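Treat the numbers as computed from the prediction; the structure is a model and nothing was measured.
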Number of protein chains: 2
Amino acid sequence: MYIGELAKTCNVSIDTLRYYEKIGLIKNVPRDAGGRRVYGPSFVAWLNFIKVLKATGMPLKDMLAYAAHRQTGPSSNQDRCDLLQVHELRIKQTIIEQEGCLALVQDKISAYQSAIAKSTDIPISVCMTDHFNKRENK
Amino acid sequence: MYIGELAKTCNVSIDTLRYYEKIGLIKNVPRDAGGRRVYGPSFVAWLNFIKVLKATGMPLKDMLAYAAHRQTGPSSNQDRCDLLQVHELRIKQTIIEQEGCLALVQDKISAYQSAIAKSTDIPISVCMTDHFNKRENK
DNA sequence: GCTTGACCTGGAGCGCACTCCAGCACCTAC
DNA sequence: GTAGGTGCTGGAGTGCGCTCCAGGTCAAGC
């Protein structure tokens, strides 16, 4: 599989694939006689995992740490598992935060809907008090 | 309330507050005799709402559209409500996506845990097949 | 009246994650 | 044998959302 096909298969741009290789997120890509990159199924799997990490907000440099462990083989299984467990927690926190924000947005929508029904402006009371500092506790 | 106090109250930087004003996200800030910005409670409420929108991934230029409607008064209530309802949908989709990714990460963690127990590498089958294109349907 | 600290402005710089470009090589089909 | 498509490289450019800086003003406390 050449780079164009991988890009299509995984729905990322060719430039992104070369960029990921440049920064070390994708490694040891074999080349054909003409110097073109040839990707096997393991690259598809890895790239799909990168997409999961990316979709959950992991920065590329954190993925690089995970990728570095991958290079060292099974001996790094515990380290990789640890990294993923930390990330798992962050995802859970993100979901909780998003749910909280969703509720606030829905409150505001309701306020607008009743304001529209009454043809008035919305009351200041639904103009949001702080939602974050409670959690951040500072 | 001067800018330093607002920054502390809302847990954003002073530079960010001036930046938001520069791009038009915060408008009509009164000044005292010495030219310093003076913020009332409505600015705190607005800033907290901005933080909710930001936390849910709304780009600043979309907030600007909402802010522009706010300037026109109650006549834009329907427009503002529409914008929020579109955003509400996006938040819901984000939560669903995060939950899907969370499940995949958890699968991978489980795979690592059993691999660690057996002292082997993890099987290729849990090296991720595509999770996104199914949904994107292309 | 002087120091200190908070605030002001305009503009430059930064980190991230790409994205684009020029100029070139290779391979296949006609 | 040539046109078109796909690939290569190194490096520059982009958009976003801040963040920092220099050089200055203002107000309060000693």
Any donor-acceptor pair under 3.5 Å from Asn48(B) side chain to Val44(B) backbone: yes
For Val12(A), is there any backbone N or O sitting under 3.5 Å from a side-chain donor or acceptor partner on Thr16(A)? no
Could you check whether any side-chain N or O of Thr9(A) sits under 3.5 Å from a backbone N or O of Glu5(A), counting only pairs where one atom can act as donor and the other as acceptor? yes
Protein-nucleotide distance (Ile26(A), atom CD1; dA17(C), atom C1'), rounded to Å: 14 Å
Looking only at side-chain N and O atoms, does Tyr19(A) come under 4.0 Å of OP1 or OP2 in dC20(C)? no
Comparing nearest nucleotides in DNA chain D, the 5'-proximal residue of the pair Ala33(B), Gly34(A) is Gly34(A)
Using OP1 and OP2 only, check whether a side-chain N or O of Thr16(A) sits under 4.0 Å from dT19(C). yes
Under 4.0 Å: is that the gap between some side-chain N or O of Arg37(B) and OP1 or OP2 of dT9(C)? yes
Heavy atoms under 4.0 Å, any strand shown: does Ile23(A) hit a base, just sugar-phosphate, or nothing? nothing
Between Ser13(A) and Lys61(A), who's closer to the 5' end of DNA chain C by nearest nucleotide? Lys61(A)
Give one of base, sugar-phosphate or nothing for Arg18(A), where a contact means two heavy atoms less than 4.0 Å apart. base
For atom NZ of Lys54(B), decide whether the heavy atoms of other residues, nucleotides or ligands shown that lie under 6.0 angstrom number more than 12. no
Short side-chain N/O contact from Lys54(B) to OP1 or OP2 of dC18(D), under 4.0 Å: yes
Just N and O in the side chain of Arg31(A): are any of them under 4.0 Å from OP1 or OP2 of dT9(D)? yes
Which whole-number value in Å describes the distance from Leu47(B) CG to dG17(D) C1'? 15 Å
